[in-house]
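Encoded as C-alpha cells, the structure appears first; notes follow it.
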Amino acid sequence: MSPDPAGDPPVLAAPFHTDFHGVEFTVFLALFVLVTVIGFGAARWRRAASLDHLDEWGLGGRGFGSFVAWFLIGGDIFTAYTFIAVPGAMYATGAVSGWFAVVFTSVVWPIVFVIMPRLWAVASRNGYVTPADFVRGRYGSRSLALAVAVTGIVATMPYIALQLVGMQAVLEAMGIGTSGDNPIVRDIPIVIAFAVLAAYTYRSGLRAPALIAFVKDILIYAVVLVAVIYIPHRLGGYGAVFDAAQAKFDTANAVAAAAGRPPKAAFVPAPSEFLAYATLALGSAMALFMYPHAITGILSTRSQDVIRRNTAVLPLYSLLLAFLALLGFAAIASGVKTDNPRLVVPLLFDQQFPAWFTGVAFAAVAIGALVPAAIMSIAAANLFTRNIYVEFFRPDATPAQETSVSKTASLLVKVGALVFVLGMDTQNSINLQLLGGVWILQTFPAIVAGLWTRWLHRWALLGGWLVGMTYGTLEAYAQRSATARHFGSSLAEVPGLGRTAYIALTAFVLNVVVAVALTGLLRALRVPIGIDTTTVGTATATATAGTVTPGAPVPADGGVGVPGQAPVEDAAERLTGPPA
C-alpha cells in the first residue's frame with residue numbers, strides 16, 4: 001500500500017534516541033527467531049521433487065488453496081509500512097491522507113474479483129510466471145513486455161525499501177540502533193534482519209513468506225484488536241478520541257490560516273477535496289494489483305475459485321485497516337508528541353501497553369516487513385529473469401538456470417533496497433514509492449485490456465505507456481511542499497479542469513487516450529499487430545487482423561517456448577479457462 005499519497009510526505013524528524021528496552025527486545029527477538037526457523041523449514045513444506053523451477057521456487061508450485069492464499073495475499077498487500085504510515089498520516093493530517101486507504105482497499109476487491117481469475121486462467125494454461133509474460137504472449141511484443149517488466153521492477157524497489165523503514169521505526173522505539181554516531185553499529189540490526197530474510201527466501205522461495213504470513217497476520221490481528229479496544233477505553237472512549245483529533249486539526253488549521261498558509265489537516269474531507277479523495281481511492285485501487293508481488297500471490301493459487309473465494313473474505317483486511325487507522329487519532333488523544341509520523345504507532349504502543357505486549361506488537365510490525373519484502377523481491381527477480389535475462393540474453397535457458405538467476409536477482413534486489421535506505425535519506429524512499437504508484441498504473445491498459453480484447457495495437461499501447469510515464473513523472477517532480485522541493489505530493493491540477501486530482505489517474509487517462517487514438521491510426525495503416533501466442537492447439541492468430549482462425553494448427557509450444565504450457569482443447573476457451 002502506498003504511504004500518504006494524498007499530500008505532503010511524512011515529516012522527517014531528527015534521529016530518534018531512546019534507552020534500550022530489554023523486555024520488549026527479548027519478546028521481539030524470540031518471535032523473530034521463530035519466524036526465521038519457519039522460513040528455513042518452509043522448503044520442506046508442500047515439498048516438491050525439486051525447487052529448481054520458477055513454478056516451484058517463485059510461485060510455490062501454483063498450489064495454494066483458499067486458507068493459505070488468504071494469509072499470503074493479505075500479508076502481501078498489508079505491509080509493515082502500512083502499519084506505520086496509515087496511522088501516522090491520520091495523526092499528522094487526518095482523513096484525506098489516512099482514511100482514503102480504507103476506501104481504496106474496499107474498492108480494490110471487486111476489481112480483483114473481475115480481473116484476476118481471468119489472468120490466472122491464461123497464466124496457468126500458458127506457464128506464465130509474470131504479468132510481462134502475459135503481455136509478451138498476448139501482443140507478440142518484446143518491447144511492450146520489457147516496458148511492463150522494467151516498470152514493475154522500478155516500482156517495486158522503493159516498496160521493498162519502505163519495509164525497512166517500517167522495521168527501523170520499531171527498532172528505534174526499542175532503543176536498537178539509535179545511539180551512537182557509528183553507522184555500522186547503528187545499522188547492524190537491520191542488516192542482520194535482512195540477511196536472514198535473504199537467506200531463507202533464497203532457500204525456500206515463495207513458500208517461506210507464505211508460511212510466515214500465518215504468524216504475521218495472527219500477531220497483527222491480535223495486536224490491532226487489543227489496541228482498538230484497550231487504548232480508547234483508557235482514554236475515555238472513542239468520543240474523547242475523536243474530540244481530541246478534531247481539536248488538534250482545528251488548532252493547526254487556525255495557525256496555518258493566521259500565517260497565510262492553506263490548511264493541511266482535515267478531520268472530514270471538505271467538498272473541495274472530494275475529487276482528490278475519490279481519484280486517490282480509485283487510482284490506488286486500480287494500481288494495487290498491478291504490482292508484480294500482488295500478481296505473484298494470485299498466480300500461486302491453485303484455481304480461479306480460490307481467487308474468487310478469497311476476494312469475498314479479504315475485505316476483512318480493510319476492516320482491520322480501518323481499526324488501525326484510528327490508532328492515529330488515539331495517539332493524539334493519548335498525548336503522543338512527535339514531528340515524525342512514522343514513530344506514532346511505536347510511541348503509542350510503548351506508552352500504553354505493558355512491555356511484554358509492546359514487544360509482541362513490535363514483532364508483528366517487523367514480521368509484517370519480512371513477508372511482503374520477500375514476495376516483492378521474488379516478483380522483481382522473476383521479472384528480470386523471464387522478461388530480460390531469458391528474453392534478451394539466454395533464450396535457451398533451462399528451468400534450473402532460470403531459477404538460479406532468479407534466486408541471485410532476489411538477493412541483489414534486497415541488497416539494493418538495503419543500500420538505498422541506509423545510504424540515503426528516508427524521504428527518498430517515500431518519494432519514489434509515491435512515484436511508483438504513478439508508474440505501475442500505466443501498465444494497467446496493456447495487462448487488463450488484453451484479457452478481453454486484442455483491439456489495442458501493441459505499438460499504441462507502448463506509446464500510451466510512454467506518454468503516461470512521462471507526464472506522471474514530470475508532474476510529480478514539479479510538486480512542492482513545505483518539506484520537499486520535488487515530489488511533494490501525489491496530487492496536481494488536472495489540465496483543462498482546474499481541479500486537483502491524483503496524478504497517476506490523470507496520467508492513466510492520457511495513456512488510454514493516446515493508445516486508442518494510435519490504435520485507430522495504426523490499424524488504418526494496416527501495421528501488423530503481432531502474433532497472439534496465448535492459445536495453443538487448434539487456433540492461431542492472424543498477424544495483420546488479430547483474429548482467430550479456427551482449425552489452423554500452431555506449434556505445440558504456442559510459438560514462444562514457455563515451459564509448462566498445456567494444450568487447450570478449443571479456441572473458445574481462449575483467455576477464459578475451463579468453466580469454473
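Just so you know, residue 1 is the first one in the sequence shown, and it goes up from there. Atoms considered below: every heavy atom in the structure, side chains included; atoms not considered: hydrogens, waters and symmetry mates.
- Residues Val228 and Tyr238 meet the side-chain proximity criterion, which asks for heavy atoms closer than 4.5 Å.
- No side-chain heavy atom of Arg136 sits less than 4.5 Å from a side-chain heavy atom of Tyr128.
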Audit row: Leu280, Val103, side chain to side chain contact (heavy atoms under 4.5 Å, CB included) steps and yes/no: CA-CA 9 Å; Leu280 273 169; Val103 178; over 6 Å; no
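- Residues Tyr502 and Val494 are not in side-chain contact: their nearest non-hydrogen atoms beyond the backbone lie 4.5 Å or more apart.
- Pairing each heavy atom of Val112 with each of Pro117, the nearest pair is O-CD, 3.4 Å.
- Side chain to side chain, Thr506 and Glu475 fail the donor-acceptor criterion of an N or O pair below 3.5 Å.
- With no hydrogens or angles considered, no side-chain donor-acceptor pair links Thr296 and Asn382 at under 3.5 Å.
- Under the side chain to side chain contact (heavy atoms under 4.5 Å, CB included) rule, Thr82 has a single partner from Leu321, Leu320, Thr105, which is Leu321.
- Remark: side-chain polar atoms of Arg309 are not paired, donor with acceptor, to backbone N or O of Ser66 under 3.5 angstrom.
- Using a 4.5 Å heavy-atom threshold, the side chains of Trp452 and Ile115 count as touching.
- The two residues Leu235 and Ala330 have their closest heavy-atom pair at CD1-O, 3.5 Å.
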Side chain to side chain contact (heavy atoms under 4.5 Å, CB included) evaluation trace for Trp99 with Leu326: CA-CA 9 Å; Trp99 195 256; Leu326 293 177; 4.0 Å; yes
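- For the pair Lys248 and Tyr91, the cation sits on the ring face: its NZ or CZ lies under 6.0 Å from the ring centre, inside 45° of the axis.
- The nearest pair of heavy atoms linking Ala381 to Ser410 is CB-N, 3.5 Å.
- At a threshold of 4.5 Å between non-hydrogen side-chain atoms, the residues Phe444 and Phe289 do not count as touching.
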CA sep, side-chain torsions, deciding dist, call: Thr338, Val344, side chain to side chain contact (heavy atoms under 4.5 Å, CB included): CA-CA 7 Å; Thr338 178; Val344 167; 3.9 Å; yes
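- Using a distance-only test at 3.5 Å, with no hydrogens or angles considered, no donor-acceptor pair links the side chain of Tyr139 to the main chain of Leu461.
- Taking the six-membered ring for Trp and the full ring otherwise, the centers of Phe83 and Phe362 sit at least 6.0 Å from each other.
- In this structure, OG on Ser106 lies 12.0 Å from CG on Leu314, to the nearest 0.5 angstrom.
- Going from atom CE of Met469 over to atom CG of Leu474 covers 11.0 Å, rounded to the nearest 0.5 Å.
- Taking every heavy atom of both residues into account, Met90 and Ala325 meet most closely at CG-O, 3.4 Å.
- The backbone N or O of His457 lies less than 3.5 Å from a partner atom in the side chain of Thr519, making a donor-acceptor pair.
- Summarising the geometry, atom CG belonging to Leu435 is positioned 11.5 Å from atom CD1 belonging to Ile440; distances are rounded to the nearest 0.5 Å.
- Residue Arg499 holds its CZ atom at 4.5 Å from CG of Leu275, rounded to the nearest 0.5 Å.
- Using a 4.5 Å cut-off on side-chain heavy atoms (C-beta onward), Thr473 and Trp439 make contact.
- Of the candidates Lys414, Gln163, His293, Lys414 is the only one forming a side-chain hydrogen bond (donor to acceptor under 3.5 Å, both in side chains) with Ser377.
- Sorted by first then second residue, the side-chain hydrogen bond (donor to acceptor under 3.5 Å, both in side chains) pairs that include residues 440-451, not counting sequence neighbours, are Gln442-Asn511.
- In terms of modelled atom types and a separation under 3.5 Å, the side chain of Asn253 and the main chain of Ala265 share a donor-acceptor contact.
- Of the possible polar contacts, none joining the Thr453 side chain to the Ala449 backbone as a donor-acceptor pair under 3.5 Å is found.
- For the atom pair CH2 of Trp459 and OG of Ser143, the computed distance is 4.0 Å after rounding to the nearest 0.5 Å.
- The 12-atom threshold is exceeded at CZ of Phe267, counting heavy atoms of other residues, nucleotides or ligands nearer than 6.0 Å.
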Chi angles and distances behind the side chain to side chain contact (heavy atoms under 4.5 Å, CB included) call for Trp455, Val516: CA-CA 9 Å; Trp455 184 79; Val516 170; 4.2 Å; yes
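- Residue Gly74 comes nearest to Asp217 through the heavy atom pair C-OD2, 4.5 Å, listed as atom of the first residue, atom of the second, then distance.
- A distance of 5.5 Å separates CG of Leu197 from CG of Leu370, quoted to the nearest 0.5 Å.
- Remark: Trp70 pairs with no residue by the side chain to side chain donor-acceptor pair (under 3.5 Å) rule, at least two apart or across chains.
- Minimum interatomic distance between Ala210 and Leu72 (heavy atoms only, all atoms of both residues): CA-CD1, 3.7 Å.
- For Tyr230 and Phe353, the gap between ring centers is short of 6.0 Å.
- Contact check for Leu451 versus Phe134: side-chain heavy atoms found under the 4.5 Å cut-off.
- The side-chain heavy atoms of Leu119 and Ile298, taken from C-beta on, include no pair separated by under 4.5 Å.
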